[in-house]
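Convention: sequence-line order gives letters A, B, ...; per-chain numbering from 1. In what follows, every heavy atom counts, from backbone to side chain, and hydrogens, waters and symmetry copies are set aside.
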Amino acid sequence: MESTPVRVRFAPSPTGHLHLGNVRTALFNWLFARREGGTFILRIEDTDAERSTQASVDSVLEDLRWLGFDWDEGPEAGGSYGPYRQTERYGLYSRYAKQLLDEGKAYRCYCTQEELDAQRQAARDAGRPFIYPGTCRFLTEKERQEREEKGIKPALRLKVQPKTVAFRDIVRGPVSIHTNAFGDWILVRPDGSPTYNFAVVVDDSLMKISHVIRGEDHLSNTPKQILLYEAFGFPLPQFAHLSMILGPDGSKLSKRHGDVSVDAFREKGFLPQALDNGLALLGWSDPDGIEVFDLSALMGRFGLDRVNKAAAVFDAAKFRHLNREHLKKMSEEELLAVTRPYLERASRLPEGELNPEVKAWALSLAPLLRERMEVLSDAVSATDPLFVFDPASMDDEARAILAEPDASRVIKAFLAKAKQADLARPGAYRALVLEIKDELKVKGKALFHPIRVALTCAASGPELEMLVPMLAAGARLSLPTPILGPVERCERIFST
RNA sequence: GUCCCCAUCGUCUAGCCCGGCCUAGGACACCUGCCUUUCACGCAGGCGACGGGGGUUCGAAUCCCCCUGGGGACGCCA
């Protein structure tokens, strides 16, 4: 429409870790800002003194950065509409509160929380919705004075006229709600702190927010806020309410569905680009049906016009699949970099700078990893065939293979030749097996199965032509968990 | 309970705004087959949906109404 510059904001409350629902909101805001060449603002809504912590602020910033979102204005970025923490904006709120009071658009309410709780309970028992009856709205000056003298600290309420508030939501279309669904709501608490709906409007207006993109759980707050915009004479932003992300049981995604914090997903080994990708697909779809994107590709295609109205159920399997897709696109170096923390923790790679031999060997693990990982933590099980060798825990299938008629002949022959050869050399293993085939006249399963079991204690696993060189080369390295070479493995099998 | 929002395969969705091209397309998951010394990967197939009822129309997944179902909000939380 007009040429108002696009300014959007993500406004988390720092009361814990960022969770997937919030992240989706952050993502859509960020994508929209970047796509439109607008400004992305981060604002910390820390008015809940009880639950807000600095540690949480830090983790939120860290999570956002990890996910690839940068903010143009906000904590650590500055900007000319600050401060960007609500607790630092209290002066602003009281100024605007006073304005409403002076203009007669708001009034002091002396009802105590206990009184209101009782009324709320009574209404509930009667099966009626509780709406503040406006008790204090028509207090005479004398009555007011009495309460002041009793030392009752008043809250500030907005005078709300009965009417229908209608607006057009970018994703939902026309929405209308009657004001008697909420009545005269509280702007400022007796202790002088602003309520959410009040602070949001003041902040969004002062920060010149053009599009308010947030979760659908805020849809019913919107009319309250619109009334305030009107009371102040502030221009209305455009609203876009994103549908909820649901858990498998169909209710709003929350801790009840397990740990859904970004943190937990990072820990499990999800890549930020996969998380961004999956979240984008929860409610948005590409016009050409493309499903695998990194952040910048997403940015090039995103639009609010293709956001779905229906709620979406979070499906971890789809996220794992996307993670795999992103893993497949990584170079050996990148793969090593992202899996290293997991391999180090499992004592499979040394910490710190890797010497050239170890580094080269670690890079050679890439094909093995790429083929057997969905999430980064799978790097450990993917490298089990290299690091774990335990004849005692062999399963029945493997034992049966060793009991085959030709098994020990084959292994014996393999062992003899392996001692003479350098199995770390590409092709050496293959040549060696071919020789055995000719000499012993054993082929196929009778040939390969015993060798596999002797080398890995398992009936199935990675291709031996790929595995054996890794084993042989790895055995020469000094690793936190030493690798047993092919020869040693065969010898162990015989000694058990 | 009241108000608001929503409703296509098990899940994410395309299609819906501008009815016919839809015997409803894709992806994930699942199943089968192929590839392979095995597993995994990969490849090829398969299973599988317009919640119900009324309209409107020559024609409805698409438009309207009702019902049902689901979700959200009803806080001096954000």
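- Across the C1' atoms, B:rA60 and B:rG52 are found 16 Å apart, a figure rounded to whole Å.
- Taking atom CZ of residue A:R399 and atom P of nucleotide B:rU38, one finds them 23 Å apart after rounding to whole Å.
- Separation of the C1' atoms belonging to B:rG69 and B:rU32 is 35 Å when rounded to the nearest angstrom.
- Along RNA chain B, the nucleotide closest to A:H178 and the one closest to A:A311 are compared, and the more 5′ of them pairs with A:H178.
- Between A:F314 and A:H257, the ring center distance fails the sub-6.0 Å criterion.
- Of the charged side-chain nitrogens involved, none lies within less than 4.0 Å of a carboxylate oxygen, so that A:R9 and A:D203 do not count as a salt-bridged pair.
- For A:V313, counting side-chain heavy atoms from C-beta on, the closest listed nucleotide (B:rU11, B:rC41, B:rA78) is B:rU11.
- Contact annotation for A:G215: no contact, since no heavy-atom pair falls under 4.0 Å across all strands.
- Rounded to a whole angstrom, the distance from the C1' atom of B:rG26 to that of B:rG1 is 42 Å.
- Between the side chain of A:R372 and the base of B:rC39, at least one donor-acceptor pair of N or O atoms lies under 3.5 Å.
- With a cut-off of 3.5 Å on both Watson-Crick or G-U wobble distances, the partner of B:rC63 is given as B:rG55.
- Taking atom C1' on both B:rC67 and B:rA7, the two are 13 Å apart, rounded to the nearest angstrom.
- Under 4.0 angstrom from either OP1 or OP2 of B:rC76 there lies no side-chain N or O belonging to A:R108.
- Under the Watson-Crick or G-U wobble criterion, with both distances below 3.5 Å, B:rG1 is paired with B:rC74.
- Using a 4.0 Å heavy-atom criterion, one finds that A:S176 contacts the sugar-phosphate atoms exclusively.
- Residue A:R306 has no polar side-chain atom (N or O) positioned under 4.0 Å from OP1 or OP2 of B:rC17.
- The interatomic distance linking A:N22 (CG) with B:rC77 (C1') rounds to 14 Å, in whole Å.
- Comparing atom distances between the A:P129 side chain and each of B:rU38, B:rU2, B:rC12 picks out B:rU2 as nearest.
- Note that the NZ atom of A:K437 and the NZ atom of A:K443 stand 7.0 Å from one another [nearest 0.5 Å].
- In the set B:rG72, B:rC76, B:rC28, the nucleotide with an atom closest to the side chain of A:M244 is B:rG72.
- Nearest nucleotide to the A:L116 side chain, out of B:rU13, B:rA7, B:rC76: B:rC76.
- Contact annotation: side chain of A:E291 to base of B:rG26, donor-acceptor pair present below 3.5 Å.
- Under a cutoff of 6.0 Å and an axis angle of 45°, A:R108 and A:Y110 do not form a cation-pi pair.
- Contact annotation for A:R128: no contact, since no heavy-atom pair falls under 4.0 Å across all strands.
- Of the candidate nucleotides B:rU13, B:rG75, B:rC5, B:rC5 has the atom lying nearest to any side-chain atom of A:R172.
- For A:N277 (side chain) and A:F293 (main-chain N/O), a donor-acceptor pair under 3.5 Å exists by modelled atom type.
- A:I131 comes within contact range of no nucleotide atom at all, as no heavy-atom separation falls under 4.0 Å.
- Residue-level contact check: A:N308 touches the backbone only, with heavy atoms under 4.0 Å from sugar-phosphate atoms and none from bases.
- Residue A:T112 is in base contact, counting any heavy-atom pair closer than 4.0 Å across all strands shown.
- Using a 4.0 Å heavy-atom distance criterion, A:S460 is classed as a base contact.
- Taking atom P on both B:rC16 and B:rG72, the two are 29 Å apart, rounded to the nearest angstrom.
- Residue A:H449 places its side chain closer to B:rU38 than to any other of B:rU38, B:rC41, B:rC77.
- At a threshold of 4.0 angstrom between heavy atoms, the contacts of A:A317 are confined to the sugar-phosphate backbone, with no base atom among them.
- Taking atom P on both nucleotides, B:rC76 is separated from B:rC30 by 48 Å, rounded to a whole Å.
- Here the nucleotide nearest the side chain of A:S285, chosen from B:rU13, B:rG75, B:rU37, is B:rU13.
- Between B:rG75, B:rU13, B:rU37, one nucleotide has an atom nearer to the side chain of A:A312 than all others, and that is B:rU13.
- Comparing B:rG42, B:rC3, B:rG75 by their closest approach to the side chain of A:I177 singles out B:rC3.
- You'll find a donor-acceptor pair under 3.5 Å spanning the side chain of A:K318 and the base of B:rA27, going by distance alone.
- Between A:K329 and A:E325 there is no salt bridge, since no side-chain N of the basic residue sits under 4.0 Å from a carboxylate O of the acidic one.
- Heavy atoms of A:L219 sit under 4.0 angstrom from primed sugar atoms or phosphate atoms, though from no base atom.
- Across all strands, A:Q113 comes closer than 4.0 Å to base atoms (heavy-atom distances).
- Positionally, the nearest nucleotide of RNA chain B for A:V171 lies more toward the 5' end than for the other of A:E325 and A:V171.
- Among the heavy atoms of the strands, none lies under 4.0 Å from A:R43.
- No side-chain donor-acceptor contact under 3.5 Å links A:Y342 and A:D378.
- Taking the C1' atom of each, B:rU62 and B:rG55 are spaced 15 Å apart, rounded to whole Å.
- Among the atoms of the strands shown, only primed sugar atoms or phosphate atoms (P, OP1, OP2) are found under 4.0 Å from some heavy atom of A:G250.
- What you find for A:Y107 and A:G134 is that their closest heavy atoms are OH-CA, 3.9 Å.
- Going from the P atom of B:rG70 to that of B:rU8 covers 14 Å, rounded to whole Å.
- Across all strands shown, A:K443 has no heavy atoms under 4.0 Å from either base or sugar-phosphate atoms.
- Residue A:K153 is out of contact with every strand shown, counting any heavy-atom pair closer than 4.0 Å.
- At a threshold of 4.0 Å, the pair A:E230-A:K163 counts as salt-bridged, since one of the basic side-chain nitrogens sits closer than that to a carboxylate oxygen.
- Taking only side-chain atoms of A:S251, from C-beta outward, the nucleotide of B:rC3, B:rU37, B:rG72 with the closest atom is B:rG72.
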